[in-house]
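Proteins get letters first, then strands, A, B, ... in listed order; numbering begins at 1 in each. The figures here come from the full heavy-atom set of this structure, side chains too, leaving out hydrogens, waters and symmetry mates. A quick note: this is a predicted structure, and the numbers were derived from the prediction, not measured.
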Protein chains: 2
Amino acid sequence: MTTPAEYYETHRELLDKAIEAAATREYWSAYPESPSKSVYGEDAAPAGERAFQALLGTDFPIEVPGATGTAATERSPYGIALGIRYPKGDPAALVAAARAAMPAWRAVGPQGRAGVAAEILRRINGRIFELAHAVQHTTGQAFVMAFQAGGAHAQDRGLEAVAVALAESTRIPATAVWGKPQRGTDPLRLAKTSTVVGRGVALVIGCNTFPTWNGYPGLFASLVTGNAVIVKPHPGAVLPLAITVQIAREVLAEAGQDANLVTLAVEEPGEGIAATLATHRDVRIVDFTGSSEFGNWLEANARQAVVYTEKSGLNTVIVDSTDDYKGLLRNLAFSLSLYSGQMCTTPQNLLVPSGGIETDAGHRSVEEFGADLATALDKLLGDPKRAAGTLGAIVNDGVLARLTEAGGAPGVIHASATVTDEGFPSATIRTPVVLRVDAADEKTYTREWFGPISFVIATGSTRHSLELFTETVRDHGALSASVYSTSPEVLEAAREAALEAGVHLSQNLTGGVFVNQTAAFSDLHGTPANPAATASLSDSHFVTGRFFTLQSRHHVAEQADA
Amino acid sequence: MTTPAEYYETHRELLDKAIEAAATREYWSAYPESPSKSVYGEDAAPAGERAFQALLGTDFPIEVPGATGTAATERSPYGIALGIRYPKGDPAALVAAARAAMPAWRAVGPQGRAGVAAEILRRINGRIFELAHAVQHTTGQAFVMAFQAGGAHAQDRGLEAVAVALAESTRIPATAVWGKPQRGTDPLRLAKTSTVVGRGVALVIGCNTFPTWNGYPGLFASLVTGNAVIVKPHPGAVLPLAITVQIAREVLAEAGQDANLVTLAVEEPGEGIAATLATHRDVRIVDFTGSSEFGNWLEANARQAVVYTEKSGLNTVIVDSTDDYKGLLRNLAFSLSLYSGQMCTTPQNLLVPSGGIETDAGHRSVEEFGADLATALDKLLGDPKRAAGTLGAIVNDGVLARLTEAGGAPGVIHASATVTDEGFPSATIRTPVVLRVDAADEKTYTREWFGPISFVIATGSTRHSLELFTETVRDHGALSASVYSTSPEVLEAAREAALEAGVHLSQNLTGGVFVNQTAAFSDLHGTPANPAATASLSDSHFVTGRFFTLQSRHHVAEQADA
């Protein structure tokens with residue numbers, strides 16, 4: 001057994017660095033994003049793949065309180081057979097087990113809990129190749145992206161949440177002596193103790209596309225602030241979170257804690273276990289990533305809980321002018337193509353003045369811009385191998401159906417095509433569709449088309465673009481926004497519009513940073529400032545609702561040395 | 001004109017000290033609580049009284065957007081005529097004016113806003129005597145208490161909120177440069193800007209008993225985090241907040257800001273302006289102190305807003321044993337008598353084992369304990385002048401009605417008596433009533449009896465007391481709790497019970513600190529851990545929901561010196 005305090009000492013330097021990085025917002029990462037042998041060692045990649053393969057078609061080894069039968073609900077977008085069976089969760093038993101585990105966890109205190117969390121992340125990182133395969137074959141992310149976004153970056157986001165949770169839950173010191181001077185007599189002296197108490201049982205509802213990246217912040221923020229966490233994966237992406245829960249339970253048990261501080265809640269699709277758990281009177285925290293429909297339902301109905309949602313919206317690009325037209329097209333084409341546009345941050349609405357834009361390659365009409373973007377997409381995706389590595393696979397039939405619907409609509413300027421992956425001949429891989437619509441056609445573009453579907457929207461002017469941007473984001477939300485302009489006035493107006501709309505803004509991205517991507521410890525992801533989310537990953541607000549600080553005080557005599 | 005930045009420089013040292021004090025939780029206070037001439041100067045007291053007297057029977061000088069007529073709704077519990085007329089507020093005009101004021105306030109930034117807030121507090125402190133009279137004659141607090149709790153301590157609580165808001169809204173630096181190393185090429189470099197954006201229009205709904213102490217934290221927390229604030233006083237206690245709003249508007253205008261960042265919303269009783277404002281789509285923050293009934297209504301109905309409530313509950317004292325029986329009785333008698341028990345923290349339920357308690361004065365049966373407490377009350381309140389100074393006056397007819405109801409119930413062990421204040425012969429002053437009831441009579445003591453009404457509840461044992469404590473507080477809430485015991489085991493069990501119940505705990509208070517009182521910068525007041533509140537004054541959680549941090553980023557070239 002290693003005590004939580006010992007884990008804290010082991011990981012103290014890492015935790016201190018993480019807290020410092022979250023405070024400076026400069027570049028920092030704890031987990032290498034390169035899957036190279038020089039980083040992770042000669043055997044890591046094949047061992048990880050073997051571990052993944054060994055799980056296929058088996059009963060996943062994990063204990064679940066009150067389990068009733070098993071469910072095997074996953075299907076690889078790459079077409080391989082998974083057939084992994086998980087014990088099915090029983091809501092009442094899960095909540096009861098979680099509650100029972102909490103008092104001893106409370107007594108551990110913030111530092112010990114952060115130490116245990118850091119150890120869980122260390123072991124998750126130790127299984128990063130296995131997890132990358134798990135992410136690839138549940139989400140459809142290409143392997144390298146699954147390794148990075150689903151592995152190292154998710155772990156960074158998890159550690160960031162640990163750091164912010166530790167920092168915020170220790171702002172009020174555990175002990176203090178208060179001495180109030182009194183006229184003509186000794187000071188009044190009180191010894192005061194402050195204890196961090198978790199809000200209650202926490203529920204993490206995972207999504208199909210980024211089970212770890214979007215799941216880890218809530219999981220670790222709740223755990224470190226003293227709560228037990230029930231992890232309810234999307235039926236299509238269970239394995240990455242099942243492995244995570246397995247590791248967490250292993251570390252918790254070794255730390256002398258009840259393993260039921262982290263449990264897995266698996267269901268058959270449609271059983272509605274998420275809704276049942278989220279509205280249970282003892283579930284006091286809900287983290288959700290997914291559709292606006294269910295997210296809004298949770299916000300309206302899980303009234304006994306604090307609800308952190310990341311839903312969907314109308315990610316927007318305002319194109320005004322550029323001095324690097326090639327860079328703009330290359331950057332935008334990549335943003336639209338990466339993971340087949342199945343990121344909650346992929347641009348959907350590209351606002352371009354109908355009069356065209358000024359570029360270093362001369363004036364480009366809106367038609368020419370559309371054609372140039374289509375060409376950039378073809379160039380990026382011309383080589384099938386590179387295309388497959390960028391696009392990944394289509395995660396589910398819903399995305400495919402929307403792609404078909406969009407492809408049949410008028411105004412297509414880049415049609416979606418099928419791509420074949422040599423390694424996975426049954427993979428479902430498609431290039432993006434881009435349509436041209438008019439600003440008046442708002443019925444089309446104010447609907448969210450999750451997947452590789454975007455619109456070049458001809459507006460009256462850049463000023464009109466900015467108005468449309470503010471209005472549509474304010475009403476429908478957005479998780480990302482960007483602007484291209486060479487005009488300081490337009491950039492300033494875009495920054496103001498983004499503040500009014502309530503969305504983070506990227507400006508003139510033409511190089512190796514993409515609007516879809518945010519970096520842990522520096523970029524906030526999402527914001528409750530618009531309807532697409534009720535939280536930012538990870539700021540103080542994301543953690544302060546997860547715990548209470550309770551005080552106790554009593555008189556003490558004058559200190560001998562005072 | 002003095003710019004917000006200049007106000008920040010003026011008050012920077014004070015703000016730094018306040019932030020440090022809130023972090024260490026040691027004793028600190030910014031505003032002297034003594035009304036003595038040596039502190040506030042020879043003329044301060046008479047000048048303050050003259051200023052108060054000059055307001056009586058007049059139109060209070062304040063601009064209110066869209067005002068429609070006036071209202072004069074206050075009545076002094078000390079029996080003097082007030083007759084101050086305030087412009088009546090119009091919800092739509094108030095919200096529109098508040099919204100219009102916000103963009104320029106956002107541009108000021110957190111430091112400038114904190115500087116302006118500190119200047120407002122400086123001028124509030126400069127009118128502390130006038131405010132003390134205003135608090136006395138609206139709440140019924142005796143003058144010295146009105147000066148301290150309604151003056152200096154309220155200002156400390158306000159500054160504490162400023163400090164916590166400034167600290168939390170600047171955790172993410174306004175600018176940062178992020179440089180991610182790239183293999184074989186220059187790092188990716190982004191300049192990042194983070195802007196604090198207020199959540200929206202804020203509403204502060206004041207209470208009748210502590211308009212400033214309970215009103216200032218929400219007012220200043222919202223203001224410093226970039227919001228405009230509409231202050232809606234209780235119809236019975238308008239003046240203290242009207243003076244506050246007047247001062248805030250004066251400072252804001254002098255700082256070149258729109259005075260409508262802080263406005264006054266006055267109504268005739270029963271017009272329901274609080275509900276109308278609280279559910280307005282553009283009101284995004286609500287702070288409320290008052291009854292559980294309206295507080296719960298706000299939580300359920302003001303769904304577009306984040307709602308911070310401080311309601312009411314069953315404040316409990318667990319009496320097990322003591323080595324200072326006299327001190328216990330003296331302390332408890334004072335807690336029950338201070339401001340006629342009209343504090344949200346006044347003990348109501350005193351849990352005593354039916355087998356009696358061990359004390360340094362020997363074993364005392366529950367009957368003897370009740371009699372001793374009655375004697376202690378009589379001793380404390382025997383001298384009418386001292387009694388009036390401790391009791392203050394009864395704030396309204398609701399309290400009087402409950403007092404009559406309790407006095408007519410069986411089991412009275414200390415009857416309420418009338419006290420006459422020489423200075424205010426028409427004042428309504430009453431001593432506390434104490435009743436003895438059995439633990440089985442929970443219908444009586446699980447109801448909240450706001451006012452000078454307490455119950456000695458005979459329980460089966462201290463263990464039973466602790467169980468009752470946990471159950472009743474968990475179900476009905478509490479704003480304070482205390483325990484008396486000489487047993488380390490009982491104290492430990494009481495601390496655990498308080499953590500389970502979710503309430504702050506005082507232990508063995510026998511001296512000059514009382515369970516009703518909390519000190520800014522050290523004691524949290526209230527907690528969302530039980531149903532009596534959804535916030536603590538003032539921790540990170542109290543401020544982080546009031547703003548968003550929005551980021552903007554763009555590429556930058558390698559720094560010349562890098």
Side-chain angles (χ1 to χ4, degrees), chain A residues 23-27 29 34 103 106 168 171-173 176-183 187-188 190 192-195 197 199 300 303 491 495 498-500 502-513 519 522-524 527-529 536 539-541 544-545 548-555, chain B residues 23-27 29 103 106 168 171-173 176-183 187-188 190 192-195 197 199 300 303 491 495-496 498-500 502-513 519 522-524 527-529 536 539-541 544-545 548-555:
Chain A
T24 66
R25 314 307 286 183
E26 291 169 7
Y27 173 79
S29 167
S34 163
R106 178 174 80 209
E168 283 301 330
R171 294 255 176 257
I172 295 180
V177 174
W178 177 88
K180 181 177 180 177
Q182 300 293 296
R183 217 167 15 180
L188 287 173
L190 293 175
K192 303 188 178 184
T193 305
S194 296
T195 305
V197 175
R199 178 176 283 267
R303 299 301 312 284
L491 291 174
R495 283 192 293 265
L499 294 179
E500 284 298 318
V503 65
H504 306 300
L505 182 72
S506 295
Q507 301 166 56
N508 292 323
L509 294 185
T510 53
V513 175
S522 186
D523 295 318
L524 295 171
T527 165
S536 291
D539 60 7
S540 303
H541 176 253
T544 54
F548 314 120
T549 304
L550 291 176
Q551 295 184 317
S552 170
R553 57 182 185 174
H554 61 87
H555 286 290
Chain B
T24 66
R25 315 306 287 183
E26 291 168 7
Y27 173 78
S29 167
R106 178 175 80 211
E168 282 301 330
R171 295 254 176 257
I172 295 180
V177 174
W178 176 89
K180 180 177 180 178
Q182 300 294 295
R183 214 163 22 174
L188 288 173
L190 294 176
K192 303 189 178 183
T193 305
S194 295
T195 304
V197 176
R199 179 177 284 268
R303 300 300 312 285
L491 291 174
R495 284 191 292 266
E496 282 297 307
L499 294 178
E500 284 298 319
V503 66
H504 305 302
L505 181 73
S506 294
Q507 302 167 54
N508 291 324
L509 294 185
T510 52
V513 174
S522 186
D523 295 318
L524 295 171
T527 164
S536 291
D539 61 6
S540 303
H541 176 254
T544 54
F548 314 120
T549 305
L550 291 176
Q551 295 185 317
S552 169
R553 59 182 185 174
H554 61 85
H555 286 290

Taking side chain as everything from C-beta outward and backbone as N, CA, C, O, which of these in [X] sits under 4.5 Å from a heavy atom of chain B? Side chain, backbone, both or neither.
{"X": "A:Leu190", "answer": "side chain"}
{"X": "A:Phe548", "answer": "side chain"}
{"X": "A:Ala529", "answer": "both"}

Which one of [options] has the most heavy-atom pairs closer than 4.5 Å to chain A?
{"options": "B:Asp539, B:Thr544, B:Leu509, B:Thr193", "result": "B:Thr544"}
{"options": "B:Gln507, B:Lys180, B:Arg25, B:Gln551", "result": "B:Gln551"}
{"options": "B:Ala23, B:Pro528, B:Gly512", "result": "B:Pro528"}

Could you pull out the closest heavy-atom pair between [X] and [Y], with the gap in Å?
{"X": "B:Pro173", "Y": "A:Thr24", "answer": "CG-O, 3.7 Å"}
{"X": "A:Gly545", "Y": "B:His541", "answer": "CA-CD2, 3.7 Å"}
{"X": "A:Thr549", "Y": "B:His504", "answer": "O-CE1, 3.3 Å"}
{"X": "A:Gly179", "Y": "B:Tyr27", "answer": "O-CB, 3.1 Å"}

Quick check on the interface: out of [options], who has the most heavy-atom pairs with chain B under 4.5 Å?
{"options": "A:Ser506, A:Ala176, A:Ser34", "result": "A:Ser506"}
{"options": "A:Gln182, A:Arg199, A:His555, A:Arg183", "result": "A:His555"}
{"options": "A:Thr527, A:Leu188, A:Leu499, A:Asn508", "result": "A:Leu499"}
{"options": "A:Lys192, A:Glu26, A:Arg303", "result": "A:Arg303"}

Which region of B:Val513, side chain (C-beta onward) or backbone (N, CA, C, O), has a non-hydrogen atom less than 4.5 Å from a non-hydrogen atom of chain A, or is it both or neither?
->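 Both backbone and side chain.
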
Please assess B:Thr195 against B:Val197 for the test side chain to side chain contact (heavy atoms under 4.5 Å, CB included), listing each intermediate value before the final yes or no.
-> CA-CA 6 Å; B:Thr195 304; B:Val197 176; 4.3 Å; yes

To the nearest 0.5 Å, what is the distance between OG (A:Ser536) and CG (A:Leu524)?
->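 Rounded to the nearest 0.5 Å, the OG-CG separation comes out at 5.0 Å.
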
Partner residues of A:Arg106 under the salt bridge (charged side-chain N to carboxylate O under 4.0 Å, His left out) criterion, sequence neighbours left out |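 Counting only residues at least two positions away or on another chain, A:Arg106 forms a salt bridge (charged side-chain N to carboxylate O under 4.0 Å, His left out) with B:Glu496, B:Glu500.
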
Could I get the full list of salt bridge (charged side-chain N to carboxylate O under 4.0 Å, His left out) partners for B:Arg171, not counting sequence neighbours?
->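 Expected list: A:Glu168, B:Glu168.
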
